[in-house]
Every structure is written in structure tokens, then in C-alpha cells.
Student: 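Would you mind keeping the following structure in view while I ask a few things?
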Amino acid sequence: MELNTKQYFKKAAEGKYAIAQLNVSSADQMKVVARVASELKAPFIFGTSEGESGFLGMKQAVVLAELYAKETGVPVILNADHTKSLDKVKEYLDAGYNSIHIDGSLLPYEENLEITKKTVEMCKEVSEDISVEGELGRIGGTGSSKVFTEAVEIKKEFMTDPKQALEFAEATGIDRLGVSIGNLHGISTVGEPKLDFERLQELNNILEDKCVLVLHGGSGIPEADIKKAV
Ligand SMILES: [Zn+2]
């Protein structure tokens, strides 16, 4: 896709707004997302997990995203959400994705660093414009949506450590960092996730010149907390 995704994130950071990622697994979902974004005149991200892109088709997702970018006139980013291997990264790049999220957060730190660094290199070889997201710390829940019927507490030791985040961002050259600040994937029926805003502020301060921050698990976070996080 011929889009400079990095510019959009830079503009968003300067303008102090966030870009929403909506995960999609079918053409009709993409149509709805594009229509709403077009009405709002807001840039947006189509996200596909490995499962979602497997169902939809990577090339199909690229063609549709390009079409909607043209049709809506708003910036469209197509992100490979929670990619777990370099083989998959290559597949996404070959298909034409303009954003890759490499998720090595379940790997030991050194291995996460290595796979993320390699992903940045692979993306650069294709185009300087491809935005790469790394992930550090453990976000509750899995990549797919879940309903939690028991309270889920994200322990402090699983949350993203600001000093380690800086080291990680500098060593890998990522454009975005998915952070763990109490957020979780899925929706809880027993209370809302408690975000650690102090940690978020610290992460933002320390990473300001390095990368933008990504908040995963937005579906289960109350609107007021999302606004506050932004
Ligand atoms: Zn996620």
C-alpha cells in the first residue's frame, strides 16, 4: 500500500489524538468501519490478527483497504495485529500490509528484542514507510476476544517497565509500543480493568521522542478512561 503510515502516527501524537484500530475478519466489517471513519473524517486502522487474516485472506485485506482509502479519502492503515513469527511477518509484507505488530511479549525479553529488531529490519527492506509495533509486558487475555466472568488482576510485574521500554525502543527502532498498564483483551462482566495512569504518564514521558504508545484491549475499557489515556 502506498501510504506513509509513520506520518499519520506522528501527526496524531502532535495533535494529541489517538488513531482507533478496529479488528476485522470479513469484507462487510471493513465496509462498516470505513463508512463510519469516512463520516468522522478520521484516520483509522484495520487490524487483523493471524486468525482474522487467515479467514479474510491477507491479499484480500490489502485490496479492500486500498479501495476504502481511495473511496473515503481518509488515511487507512492495515495492521497485522499480534503477529507471532518472522514467517508470518514476511507473508504480511509480501501481501502489502503497511503496518506490522510483532508480539514477542510472551517470549523471554532477549528473544522479544531479537524478533522485534529483525521485524524492523525486514520492514525497512520493503519500505521505510511501514510502521512497526512491538509489545512489552503482558496484556491480560489472549489475542482473541474473551468474556471474563471472574475478576482479572494484572500484576505489577507483568506491566510494562518504563526503563526497560526505553531500552527496548532504542534497541529495536520500533515506531509504536503496545504497553501493559492494567488493560486486557476481552470484556469483563465483573468490573472494569483499572488502568495505571501514573505508569502510562511515565511511559509517555520517557518514550516521547522514540515511539507512540498503543493501548490494546480497548473494547473493555470505559470511554472516560480511554479519553483520559489519550
Ligand atoms: Zn491486542
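Given the structure is predicted, the values throughout are model-derived calculations rather than measurements. When a ligand or atom number is given, it counts from 1 through the structure's own listing order.
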Student: A side-chain contact here means heavy atoms from C-beta on lying under 4.5 Å apart; do Phe44 and Val33 qualify?
Tutor: yes

Student: Which atom name would you report as the N, O or S atom of His82 nearest the Zn ion (ligand 1)?
Tutor: NE2

Student: Under 3.5 Å, is there a donor on one side chain and an acceptor on the other for Asp87 and Ser85?
Tutor: no

Student: Does His185 put an N, O or S atom under 2.8 Å from the Zn ion (ligand 1)?
Tutor: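 Yes.
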
Student: Once ring pair (Phe, Tyr, Trp, His ring centres under 6.0 Å) is applied, what residue pairs with a partner in residues 197-230 remain, sequence neighbours excluded?
Tutor: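 For residues 197-230, and leaving out neighbouring residues, the ring pair (Phe, Tyr, Trp, His ring centres under 6.0 Å) pairs sorted by first residue read His82-His216, His101-His216, His185-His216.
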
Student: Apply side chain to side chain donor-acceptor pair (under 3.5 Å) to Lys16 and list each qualifying residue two or more places apart in sequence or on a separate chain.
Tutor: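 Scan of Lys16 (side chain to side chain donor-acceptor pair (under 3.5 Å), adjacent residues dropped) gives none.
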
Student: For the Zn ion (ligand 1), which N, O or S atom of His216 is at the shortest distance?
Tutor: ND1

